[in-house]
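There's a structure below that I have some questions on.
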Amino acid sequence: MSRARTAVALSLVLALASVTAPAAAAPLVTLSARFAPDRLGESTTIHWGFAISEPTPLRSIALHLPAGMGFAASSLGLEPCQPELLAAAGPDGCPADSRIGFGSALAEIPAQATVQERATVTALLGPPDGEDMTVLFFVDGRWPANREIILMSHLLNIAGPSGATLLTEVPSLPVWPLGPDIGLMRFESTIGPDGLVYHRRLHGRTVAFKPRGVSVPDRCPAGGFLVSAVFSWWTIDGETSTSTHVPCPPHGG
């Protein structure tokens, strides 16, 4: 082959090599949120969750709570749970007063035939990380993968005027070593006193009580309370942003 033809062929090869496949589109994510009870200025439980349109391995979630959602007066998580204790014994091995919420999750496991796994979720207060509060989400799937996963979250900007952020890192979750990752499809959890009973010693006896949750702001902005989230993925470049509004309580609520 002549030098000229060789140069043309090499140029063609380099041009073809530089053409990359189009980037995969990020999945659609639907965010949900509500307060119970839904009364201005009162202690509440935040119910939040999301649904992903297709099983794409999730890398992180940054959940942004409404401005003025106060944690200062909350008594949630009186005793922190250590991650190593949670990994060894599950939520029952942690102090009862470390629990701050409950929920559920649904994932898809790629195999010869895609199967679904349902899991329970327990949210617990973790140890502080510097000035940040941490939350541990214990995800317990029983069948078919029988996986227990601990998701570490940092609660950021809890005193800032723009509202707190719950930043959760999700590890890579292969079905087997070097295999495909489990794809999370739905996740729901609470943060608040619903379903919780704490205990304390008072005048020589043990007294049960319900902890105080986060506070709903005293005023509701036009359009309701904004809750937003940003999702990143292990297999897709870029992020997915989504938001929802919690409607303002009825007049007098």
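Quick note: numbers below take in every heavy atom, side chains included, and nothing from hydrogens, waters or symmetry partners. FYI, the numbering just counts along the sequence from 1.
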Could you go step by step and tell me if L167 and E169 meet the side-chain contact (heavy atoms from CB on, under 4.5 Å) rule?
-> CA-CA 7 Å; L167 177 60; E169 301 291 339; 4.1 Å; yes
Close side-chain approach of S104 to R118, heavy-atom, < 4.5 Å = no
If you take all heavy atoms of S60 and S232, which pair is closest and at what distance?
-> OG-OG, 2.5 Å
For the side-chain contact (heavy atoms from CB on, under 4.5 Å) test, which of V216, V246, V227 pairs with P66?
-> V227
Within the side chain of T56, is there an N or O that forms a donor-acceptor pair under 3.5 Å with the backbone of P27?
-> no
Determine, using the 4.5 Å side-chain heavy-atom cutoff (strictly less than), whether L125 and L65 are members of one ILVMFWY cluster.
-> yes
In terms of hydrophobic clustering (I, L, V, M, F, W, Y; side-chain heavy atoms under 4.5 Å; direct or indirect links), are W48 and V230 co-clustered?
-> no
For the atom pair OG1 (T45) and CD1 (I191), what is the distance rounded to the nearest 0.5 Å?
-> 9.5 Å
Taking C-beta and beyond as the side chain, do F50 and I61 meet within less than 4.5 Å on heavy atoms?
-> yes
State, to 0.1 Å, how close P57 and T235 come at their nearest heavy-atom pair, and which atoms those are.
-> CD-OG1, 3.8 Å
To the nearest 0.5 Å, what is the distance between CG (L124) and CZ (R99)?
-> 6.5 Å
Main-chain N/O of G163 paired to N157 side chain as donor or acceptor, under 3.5 Å = yes
Determine whether M133 and P128 make a side-chain contact, defined as any pair of heavy atoms from C-beta on separated by less than 4.5 Å.
-> no
Any chance you could lay out the salt bridge (Lys or Arg N to Asp or Glu O under 4.0 Å) test for D194 and K210, step after step, and finish with the verdict?
-> CA-CA 8 Å; D194 276 4; K210 182 176 286 292; 5.5 Å; no
Audit row: E108, I52, side-chain contact (heavy atoms from CB on, under 4.5 Å) steps and yes/no | CA-CA 11 Å; E108 284 198 357; I52 301 174; over 6 Å; no
Side-chain contact, heavy-atom cut-off 4.5 Å: P83 with L136?
-> yes
Quick one: are D140 and T122 in side-chain contact, heavy atoms under 4.5 Å?
-> no
Going by atom types only, do S153 and T168 share a side-chain donor-acceptor pair under 3.5 Å?
-> yes
Atom pair OG1 (T134) and CG (D132), whose distance is rounded to the nearest 0.5 Å = 9.0 Å
In this structure, CD of E148 is separated from OG1 of T120 (nearest 0.5 Å) by 9.0 Å
Taking all atoms of both residues into account, what is the closest heavy-atom pair of I182 and A107, and its distance?
-> CG2-CB, 3.5 Å
Where do A26 and I236 come nearest, in terms of heavy atoms and distance?
-> CA-CD1, 3.9 Å
Exercise: do R212 and S74 side chains pair donor with acceptor under 3.5 Å = no
Would you confirm whether W234, through its side chain, and L58, through its main-chain N or O, come within 3.5 Å as a donor-acceptor pair?
-> yes
Joint cluster assignment, F102 & M152, ILVMFWY side-chain distance < 4.5 Å | no
Non-hydrogen atoms of S189 and A123 that approach each other most closely | OG-CB, 4.2 Å
Hey, what do you get for OG (S43) to CG (L76), rounding to the nearest 0.5 Å?
-> 7.5 Å
Examine V214 and F209 and state if one hydrophobic cluster contains both, with Ile, Leu, Val, Met, Phe, Trp and Tyr joined whenever side-chain heavy atoms are less than 4.5 Å apart.
-> yes
Any idea which heavy atoms bring R59 and W233 closest together, and the distance?
-> CB-C, 3.8 Å
Shared ILVMFWY cluster between V170 and V29, side chains joined below 4.5 angstrom?
-> yes
Pairwise side-chain contact, V121 with V139, heavy-atom cut-off 4.5 Å (strictly under) = yes
Regarding H47 and T190, is there a side-chain donor-to-acceptor distance under 3.5 Å anywhere?
-> no
Distance, nearest 0.5 Å, that separates CG of L166 from NE2 of H64 = 10.5 Å
Taking everything shown except L28 itself, do over 12 heavy atoms lie less than 6.0 Å from its CG?
-> no
In terms of heavy-atom contacts, does CD of E84 have more than 12 from other residues, nucleotides or ligands at under 6.0 Å?
-> yes
Any side-chain heavy atom of T242 within less than 4.5 Å of one from F231?
-> yes
Any side-chain heavy-atom pair from P249 and F35 closer than 4.5 angstrom?
-> no
